[in-house]
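Fair warning: this is a prediction, and the values are worked out from it, not measured in the lab.
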Amino acid sequence: MAIIGLSIESNAMHAVLFDSEAGTALASEDSSSNGSESLSAMMRSMRATAADLRVQVEATGFAYRTEHERAFFSSELDKHGVGQIEMVPAQTAFLGWLAEAPEFQSAECVLLYHVGSAGVAMSLADTANKTLSTPKKASLESKSPEHLGGTVPLAWEILDEAGKKPDAVALFGDGSADRNLPDILSLGLSARVIRVEVPDRLAAEGAARVAALAVAHDAPVAASVATEVHAA
């Protein structure tokens with residue numbers, strides 16, 4: 001069964017054509033625009049790709065970040081006549097990806113560590129209870145080992161509040177490629193550290209996974225408050 005997943009991250013639109021049975025992406029596409037016309041165009045492009053691959057699209061999922069975004073795109077998509085689409089809260093989409101990601105198998109508690117241009121943002125994902133904490137942020141004067149190491153106490157603050165220890169740390173963001181960062185976090189948090197590739201497409205893939213489950217169980221996606229998980 002093929003599912004289209006869509007999301008908006010980093011001021012761009014992202015789409016994946018996802019094989020829910022194999023658990024892999026068949027194709028992906030990005031657009032610098034993030035308006036309703038771009039979303040409709042991406043859906044049509046993914047459907048054309050599916051036709052070329054001779055796979056049938058069973059559903060489409062869109063990961064929305066705010067209630068305003070959900071209402072806007074729901075209304076606009078009706079105008080464009082692109083058919084049924086599952087609206088998936090970003091938090092639900094992200095947890096849907098995390099629960100099935102091969103690199104985080106058996107990890108029930110994952111610390112999300114995002115390094116952006118202005119600093120870092122951290123939150124705790126509990127896949128067992130399907131919860132994602134509100135991000136806490138810290139500014140960075142520089143990305144020196146000393147300043148990066150200075151963010152570890154904030155990570156422990158988040159963990160202490162939750163009463164948990166991380167099974168893994170997921171690194172995101174432009175600054176996550178710093179060669180010192182994995183060692184700093186691994187030593188400071190006593191957990192394995194994994195840098196996540198193409199993070200902007202994770203919500204799209206997660207939306208596809210959640211939409212696939214909804215179709216399989218003939219049940220709508222449960223609504224909840226959407227939360228941005230990569231803001232920094």
Side-chain angles (χ1 to χ4, degrees), residues 1-65 69-70 72-105 107 125 127 130 132 170 172 196-224 226 229-230:
M1 178 169 62
I3 308 289
I4 296 172
L6 304 132
S7 68
I8 297 174
E9 289 287 348
S10 302
N11 297 315
M13 188 75 68
H14 308 278
V16 296
L17 180 64
F18 190 74
D19 185 332
S20 59
E21 295 181 356
T24 58
L26 300 173
S28 62
E29 187 174 335
D30 304 300
S31 170
S32 58
S33 176
N34 59 14
S36 60
E37 291 185 2
S38 177
L39 178 60
S40 300
M42 293 284 265
M43 290 175 66
R44 293 189 175 97
S45 178
M46 285 290 101
R47 287 172 179 167
T49 299
D52 290 341
L53 295 174
R54 297 183 180 179
V55 295
Q56 182 176 357
V57 175
E58 299 291 339
T60 300
F62 172 64
Y64 65 90
R65 298 167 297 179
E69 192 171 85
R70 184 203 65 77
F72 172 75
F73 279 104
S74 293
S75 175
E76 288 299 304
L77 287 171
D78 286 342
K79 295 178 184 177
H80 287 284
V82 293
Q84 179 65 30
I85 183 170
E86 293 283 355
M87 304 301 286
V88 183
Q91 176 172 315
T92 302
F94 183 81
L95 289 170
W97 165 79
L98 188 62
E100 300 295 332
E103 57 267 53
F104 294 101
Q105 280 187 349
T127 60
K130 298 182 179 180
L132 184 64
F172 301 90
V196 179
E197 302 294 334
V198 291
D200 288 341
R201 294 178 186 160
L202 299 187
E205 182 177 322
R209 290 183 183 274
V210 173
L213 288 174
V215 170
H217 293 90
D218 193 24
V221 175
S224 67
V229 296
H230 297 316

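Applying the side-chain hydrogen bond (donor to acceptor under 3.5 Å, both in side chains) criterion to T24, with sequence neighbours excluded, gives no partner residue. By the side-chain contact (heavy atoms from CB on, under 4.5 Å) test, T127 pairs with L98, E108, sequence neighbours left out. Looking at residues two or more places apart in sequence or on another chain, you find no side-chain contact (heavy atoms from CB on, under 4.5 Å) involving A99. Every salt bridge (charged side-chain N to carboxylate O under 4.0 Å, His left out) that E69 has, sequence neighbours left out, goes to R65.
How far CG of L6 is from CZ of R201: 12.5 Å, rounded to the nearest 0.5 Å. Within the model, atoms OG of S7 and CE of M13 stand 8.5 Å from one another, a figure rounded to the nearest 0.5 Å. The CD1 atom of I8 lies 7.0 Å from the CG atom of L39; values are rounded to the nearest 0.5 Å.
Ring to ring, F73 and Y64 are not that close: their centroids are 6.0 angstrom or more apart.
Nearest heavy-atom pair across V55 and A2 is CG2-CB, 4.1 Å. Residues M87 and P89 share a closest heavy-atom pair of O-CD, 3.9 Å.
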Taking only distance into account, with no hydrogens and no angle test, what donor-acceptor pairs under 3.5 Å do side-chain atoms of residues 14-22 form with protein atoms, sequence neighbours excluded?
from: H14; atom 1: ND1; to: D30; atom 2: OD1; distance (Å): 2.6
from: H14; atom 1: NE2; to: E9; atom 2: O; distance (Å): 3.0
from: D19; atom 1: OD1; to: E21; atom 2: N; distance (Å): 3.0
from: D19; atom 1: OD1; to: A22; atom 2: N; distance (Å): 3.1
from: S20; atom 1: OG; to: M1; atom 2: O; distance (Å): 3.0

Can you give the donor-acceptor pairs under 3.5 Å from side chains of residues 202-213 to other protein atoms, not counting sequence neighbours?
from: E205; atom 1: OE2; to: R209; atom 2: NE; distance (Å): 3.4
from: E205; atom 1: OE2; to: R209; atom 2: NH2; distance (Å): 3.1

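Here the side chains of M43 and I85 are in contact, with some heavy-atom distance below 4.5 Å.
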